[in-house]
Amino acid sequence: MSWRDIQCGALRPEHVGQRLTVAGWVDTRRDHGGLVFVDLRDHTGKVQLVLKESEGGHELRNEFVVQAVGEVAARAPDAVNPNLATGEVEIQVESLQILSRSTPLPFQIGDDTVEETTRLRYRWLDMRGERMQRNLRMSHAAVAGIRRTMDDLGFVDIWTPAMTRGTPEGARDFLVPVRLQPGRFFALAQSPQLFKQLCMIGGFDRYYQIATCFRDEDLRADRQFEFRQLDLEMAFVEREEVLDVMEAAVVGAFEAVGKSAPARPFPRISYDEAMSKYGSDKPDLRFGMEIEDATAATRGSEFGVFANAPCVRYIVVPKTFSRAEHERLVALTKEWGAKGLALLSQVAKFLSEQELEAFGVPDGSSALCVADEEEVAAHVLGLLRLHLARELDLIPDIDVFHWVFDFPLFEKDDEYGGWTFMHHAFTAPVKGSEVWDPSNPGDVRGQHYDLVWNGWELGSGSIRIHDVDVQERVFKTMGMTDDEAKSKFGFLLDALAMGAPPHGGFAMGIERFVALLAGEPDIRQIVAFPKVSSGTDPLTGAPTPMPDGVLAESGIRALPQEDPAKA
RNA sequence: CCCGGAGUAGCUCAACUGGAAGAGCAACGAACUGUCCAUUCGAAGGAUGCCGGUUCGAAUCCGGCCUCCGGGGCCA
C-alpha cells in the first residue's frame with residue numbers, strides 16, 4: 001500500500017467517483033460540529049476534505065500530517081470554490097489517519113509579514129510556504145537550465161577540491177586545521193580558479209561546474225559565506241566566445257524557468273565609461289542621472305572650492321532640496337569619503353553666468369556637486385546616484401544586462417602602498433601590452449569582463465595568462481620575489497611552462513542570479529539555510545565552541561574570548 | 001570596525017507631549033451538517049531585548065550593551 005494515490009493539487013472533476021488516498025498537511029480546518037472541512041495541502045496545492053462526525057476531524061490541528069481515504073465527489077454548483085484549482089471537487093473521507101502531530105506554530109504558514117529571523121529559526125515551516133517553494137524550485141530550474149546548456153555546448157563537469165591551498169591575497173580564507181598535519185591548514189576554496197586553468201592545460205577544452213565557494217568576509221544582502229557559481233573555462237578561445245557561452249547560459253536559465261530572456265548580445269560599456277558616468281564598475285543602467293563633469297568650466301572660478309579642486313563633478317536630480325534634506329545628503333556623502341556636497345543653487349552666487357550655464361540645470365532640478373579627487377568624486381556621486389534614485393523611486397521596472405570591459409589590470413594597494421591585481425592575478429593583459437614597467441603598471445588594461453544585471457555584479461571572467469613569462473611579470477609587479485612566486489604558485493608556473501593553451505572563462509553567482517530572476521531583494525530568500533549578518537546560523541546555532549581536546553587533536557588552541565553574558 | 005533603522009503577547013502591530021500595556025491572528029474551552037483564512041460565545045496570554053540612571057510615576061527621556069536588517073569599509 002502506498003501513502004497516497006495522488007497529490008493534493010492534482011484532483012479534478014475527472015476523478016469523481018474514484019476512491020483515492022491522499023496525504024498532506026492540514027492547512028486550515030473549518031469545524032461545524034457534525035461536519036468538518038479540512039484543506040489538505042502539499043506543494044502542489046490544496047484539496048478540501050469533508051469529514052463526518054465519526055471521522056475524528058475535531059482532533060485535527062494546523063500542520064498535522066494526515067492520510068485520508070475517500071471518494072472524490074463533485075461539489076454542488078453553489079459550493080464550488082473558484083479560488084482553488086481543485087475547487088470543483090472534494091473528498092468525502094471514509095477513514096482518516098493522523099501520521100504526525102504538530103505543536104502550535106510560531107507563525108502561520110504563508111504569513112509574509114513575519115520577521116526574517118523567525119522564519120530562519122523555523123526554516124522548515126517557512127519552506128512550506130509558497131514563497132520558499134517557488135524560490136527553491138526556481139533555483140533548481142535555473143541550475144537545470146544552465147547544466148543543460150553547458151552539456152549541449154560540450155562542457156565537461158569536473159569536480160575540484162573545496163579544501164585547497166590558502167591565499168593571503170584577496171578575500172579572507174576559511175581555514176581548516178588538519179589533524180594529520182598539525183599546525184597546517186587547508187583553505188576552503190574561494191573559487192576553483194586555478195584548478196580549472198589546470199584542467200585547460202590538462203586538455204579538457206571545456207570545463208564547467210556549479211561550484212560552492214567560500215569567503216570569510218562580512219555578509220550582505222547579496223553575500224553569504226558560501227555561495228555557488230557557474231564556473232566555466234574554455235581553451236583556444238577569445239573573449240567573444242566566452243561571452244557567447246555565458247549569454248547562452250543566462251538565456252538557458254531564463255527559458256528553463258519560463259521567463260522571456262533578455263535580447264542578445266548584451267550591451268557593453270567600458271570600465272572608464274562606467275566609472276565616469278556612473279561612478280561604479282557595476283552600474284545600474286535602468287535609469288539615467290549620469291555623473292557629469294564641470295572641471296573645465298570651473299577651472300578659473302572665483303569660487304575657490306571649485307577652482308582649486310582636482311575635479312568637479314555633479315549629478316542633476318529632478319527635485320529641489322530643502323536645507324534639511326541637503327544637510328542629510330551632506331552627512332551621507334561625508335560618510336562615503338567626500339569633503340562635502342555642494343548644492344549648485346546655494347553656491348550659485350559665487351559663480352559666473354558662464355559657469356552656471358555649463359551646468360545646465362533645468363527648472364525644478366538640482367545639481368549636487370562634489371569637488372575632490374577624481375576617484376572620490378566618482379565613487380561618492382555613484383553612491384548618491386543610487387541612493388537618490390531609490391529614494392525618489394526613479395528606477396523603472398525593467399531588466400538591463402550588460403558587460404563591462406577594459407578594466408585596469410592593476411590597482412594601487414592602499415594598505416601596502418604597492419600594486420595589486422584588480423580581479424585576480426591570472427588575467428591576461430590586452431594584446432600588445434604584455435610588457436610593462438613593473439613599478440608603474442597603472443595604464444595596463446586586462447582582458448577582463450564583468451556581467452552586470454540591474455546594478456548587481458553577477459560575475460566576472462577573463463582571458464587568462466598562458467605565457468609563463470607574463471605570469472611571472474604579474475607576480476613581480478605585485479611585489480613578489482621569484483622565490484615567493486615559486487613557493488605559492490610554483491605548480492601553476494610549472495603547468496604554464498608545459499604546454500598551456502590560450503584559455504579563458506567566467507564565473508557567475510548562482511544565488512544573485514536567481515534572486516534577481518525571482519524578484520527577491522536578497523539572496524537569503526534563495527538559499528535554503530542561510531546565515532545571518534553576524535555569520536551565524538539561527539537554525540542550528542552554528543558556529544559553536546569546541547572542547548579544548550578536540551582543538552588540540554587538530555593542532556590548534558582557541559584564544560580566550562570575552563563572555564558577553566558576564567560583561 | 002563605522003553610520004543608520006528596528007526590538008511591546010507565539011506572530012503582526014497599537015499605546016499623543018512621561019500618567020492604569022491594547023487589538024487582529026494563532027493557541028485553549030464551548031456551540032453549530034456546506035464552510036472555504038467559516039461564524040458566534042468564553043477564558044487565557046506581557047519582567048515592553050538586557051543593565052543602569054532621571055522622575056511621585058518610564059514601553060516612552062538619558063547612558064551603556066545585545067540581537068536583527070540596510071549600507072560604508074572589506075569583498076578577484
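Reminder, nothing fancy here: chain letters follow the sequence lines and each chain counts from 1.
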Check: Between A:Tyr271 and A:Phe407, how do the two ring planes meet: parallel, tilted or perpendicular, split at 30° and 60°?
Finding: tilted

Mate of B:U35 across any strand shown (Watson-Crick or G-U wobble, both atom pairs under 3.5 Å) is none

*Would A:Phe37 count as stacked on B:U35 if the rule is ring centres under 5.5 Å and plane angle under 30°?*
yes

Any side-chain donor near an acceptor of the partner, A:Arg464 and A:Ser462, under 3.5 Å:
yes

A:Ala221 near the nucleic acid: base, sugar-phosphate alone, or nothing, with a heavy-atom cut-off under 4.0 Å?
-> sugar-phosphate

Item checked: Gap in Å between the two P atoms, one belonging to B:A47 and one to B:C11, rounded -> 12 Å

Answer with yes or no whether A:Asp522 presents, from its side chain, a donor or acceptor under 3.5 Å of a partner atom in the base of B:G70.
no

Under a 3.5 Å limit on both distances, the Watson-Crick or wobble mate of B:U67 is B:A6

Q) Any donor-acceptor pair under 3.5 Å between the side chain of A:Arg390 and the base of B:G70? A) no

On RNA chain B, more 5' by nearest nucleotide between A:Ala425 and A:Glu90 is A:Glu90

Under a 3.5 Å threshold, yes or no: a donor from one side chain and an acceptor from the other, between A:Thr118 and A:Glu115? no

Polar-atom pairs under 3.5 Å, protein N or O versus N or O of nucleotides 27-30 of chain B: list them with distances, or write none.
residue, atom, partner, partner atom, Å
B:A27, OP1, A:Arg29, NH2, 3.3
B:A27, OP1, A:Asn62, ND2, 3.3
B:C28, OP1, A:Arg61, NE, 3.0
B:C28, OP2, A:Arg61, NE, 3.2

Re B:G24: Watson-Crick or G-U wobble partner, both distances kept under 3.5 Å, found to be B:C11

*asked:* Taking any heavy-atom pair under 4.0 Å as a contact, classify A:Thr427: base, sugar-phosphate, or nothing.
replied: nothing

Quiz prompt | Separation between the C1' atoms of B:A59 and B:A6, rounded to whole Å | solution = 14 Å

Checklist entry - With sugar-phosphate meaning primed atoms plus P, OP1 and OP2, does A:Arg524 contact a base, only sugar-phosphate, or nothing at under 4.0 Å between heavy atoms? => result sugar-phosphate

message = Between B:C75 and A:Arg223, counting only base atoms on the nucleotide and side-chain atoms on the residue, is there a donor-acceptor pair under 3.5 Å?
response = yes

Sugar-phosphate, base or nothing in reach of A:Glu457, heavy atoms under 4.0 Å
nothing

Whole-Å distance, A:Arg220 CZ to B:G72 P, equals 6 Å

Mind checking A:Thr536 for me? I need base, sugar-phosphate or nothing, with any heavy atom below 4.0 Å counting as a touch. sugar-phosphate

Check: A:Glu88 side chain, A:Arg12 main-chain N or O, donor-acceptor pair, under 3.5 Å
no

Check your understanding: B:G34 base stacked by A:His32? Criteria: ring centres under 5.5 Å, plane angle under 30°.
Key -> no

Q. Just checking, any donor-acceptor pair under 3.5 angstrom between side chains of A:His58 and A:Glu53?
A. yes

We want to know whether A:Glu90 and A:Gln92 form a side-chain donor-acceptor pair, criterion being a heavy-atom distance below 3.5 angstrom. yes

B:A44 glycosidic conformation (syn if within 90° of 0, otherwise anti) is anti

Under a 3.5 Å cutoff, is there a donor and acceptor pairing between the side chains of A:Glu169 and A:Thr420? no

ask   = Phosphate oxygens OP1/OP2 of B:U35: is one of them under 4.0 Å from a side-chain N or O of A:Arg30?
value = no

Q. Which part of the nucleic acid, if any, lies within contact of A:Asp111, taking any heavy atom under 4.0 Å across all strands shown: a base, the sugar-phosphate backbone alone, or nothing?
A. sugar-phosphate

Across every strand shown, the nucleotide meeting Watson-Crick or G-U wobble geometry with B:C1 (both distances under 3.5 Å) is B:G72

pair_partner(B:A59), Watson-Crick or wobble, both distances < 3.5 Å, evaluates to none

Sequence neighbours excluded, the answer for salt bridge (charged side-chain N to carboxylate O under 4.0 Å, His left out) partners of A:Arg134 is A:Glu130, A:Glu520

pair_partner(B:U48), Watson-Crick or wobble, both distances < 3.5 Å, evaluates to none

Item to complete: Report yes or no: do A:Glu116 and A:Gln525 form a side-chain donor-acceptor pair below 3.5 Å?
Response: yes

**Study point:** Interatomic distance at C1', B:A58 relative to B:G45, whole Å
**Key:** 24 Å

**Prompt:** Taking atom types as they are modelled, is there a donor-acceptor pair under 3.5 Å from the base of B:C36 to the side chain of A:Asn83?
**Reply:** no

Touch class at under 4.0 angstrom, heavy-atom based, for A:His58 against every strand present:
nothing

- Indicate, with a heavy-atom threshold strictly under 4.0 Å, whether A:Glu53 touches base, sugar-phosphate, or nothing. nothing

